[in-house]
Amino acid sequence: MTALAEALAARIRATGPMSLAEYMATCLMDPFHGYYATRDPFGAGGDFTTAPEISQMFGELLGLCLAQAWLDQGAPAPFTLVEPGPGRGTLMADLLRATRAVPGFHAAMRLHLIETSPTLRKVQTATLGRSEVTWCDRMEELPEAPLFLVANEFFDALPVRQFQRGQSGWHERVVGLAGDRLALGLGPETALPALDHRLADTRPGDIVETCAPGAAIAGQIGARIAAHGGAALIIDYGDWRSLGDTFQAVAGHAPTDPLAEPGAADLTAHVDFEALAHASAPAAHARLTPQGVFLDRLGIGPRAEALARGLSGAALDSHLAAYRRLTDAQEMGTLFKVLGLYRPGTPPPPGLDP
Ligand code: SAH
């Protein structure tokens, strides 16, 4: 049993079963034993890898997309460039390098990273330096100014609650104990008007997920974009509306039981993009677009060819494999989606349809 498993079991004995959201938040961000709070999980030697760690092309293209959106809105200055959950800082480093040639962009930019993990803040400092960056814990700390934001695999890390439809109401799925082991159970059936919109597409026994922190953060982003201008690119796995149990754990690049080793595995859930889009109103949202289609429209093909010209042998093979991994329908191309938010009355960010 991990130290965190024992602490969670003690908490359940004292106060009863906890929501999945409380379990997830504790496992990821407990200051002493939390998964993100205590380690750098990315890359071949870690637990999982992400698009910016796969190829520099990802951050470059997202950066140029945001810079074009900035130009399309009249190049407002100053503006806030924000990345929540920047991991190792790789995406931001690639974005900054690619946008250096855009006249005025860096001079007008105030860079803010939103990161709660002290360990990852150190890694981000090593990647990006300290001079240009302001770190924040929360979206609320951002200045009231035009906002250009990119978030990759951030919203999937935010805690979800799960509800199973009963005969006349909903049962929350909770983490309790079976003997000494953590086990999932069902809370009592209660009426939940907040889930009325899911009555049409569910039947008794079906599970739906809600992510209150995700909606609150999307609300903060949308309010700034609508009031001051700006755009956001939110990339993650999920769909327009999530249905069923998508709560999952990964350790050492393989799926594992989410209750088995709290604090030692990454926990995520699919993103419900419809919920984020609605919470971001009055900002406008573009049509949800598969990552492969989006990167293709932004010109990943010619960029991959240009980079390939300088490579040979194993380096060329791994570059081509990275290109396929980001774009192929069987790899990340279709599972991952892009939600674009933008100021009403302006064009959506390049690569996205209104
Ligand atoms: N965007 C990066 C990392 C994704 S992993 C990439 O693509 O590689 C999730 C990131 O979100 C980590 O940096 C984690 O520490 C951070 N994070 C998770 N929950 C958070 C929260 N509630 N507030 C701020 N950052 C959070």
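All values below were derived from every heavy atom in this structure, side-chain atoms included, with hydrogens, water molecules and symmetry-related copies excluded. Residues: numbered from 1 along the sequence shown. One-based numbering, in listed order, for ligands and for the atoms of each.
L149 pairs in a side-chain contact (heavy atoms from CB on, under 4.5 Å) with only one of the listed residues (L66, V82, L81), which is V82.
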Check ligand 1 for N or O atoms under 3.5 Å from a protein N or O and list each pair with its distance.
unit_1	atom_1	unit_2	atom_2	d
ligand 1	1 (N)	G85	O	2.7
ligand 1	1 (N)	N152	O	2.7
ligand 1	7 (O)	T50	OG1	3.4
ligand 1	7 (O)	N152	ND2	2.8
ligand 1	8 (O)	T50	OG1	2.6
ligand 1	13 (O)	G87	N	3.1
ligand 1	13 (O)	E115	OE1	2.7
ligand 1	15 (O)	E115	OE2	2.6

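Among residues at least two apart or in separate chains, ring-ring contact (aromatic ring centres under 6.0 Å, His included) pairs with a member in residues 228-265 are Y237-H270, Y237-F336, W240-H285.
Aromatic ring pairs are classed by plane angle as parallel below 30°, tilted from 30° to 60° and perpendicular above 60°; the pair Y36 and F48 is perpendicular.
Heavy atoms only, all atoms of each residue included: V102 and A67 are closest at CG2-CB, 4.0 Å.
In this structure, the separation between CG on L184 and CD on Q162 is 7.5 Å, given to the nearest 0.5 Å.
Here the side chains of Q124 and K122 are not in contact, with every heavy-atom distance at 4.5 Å or above.
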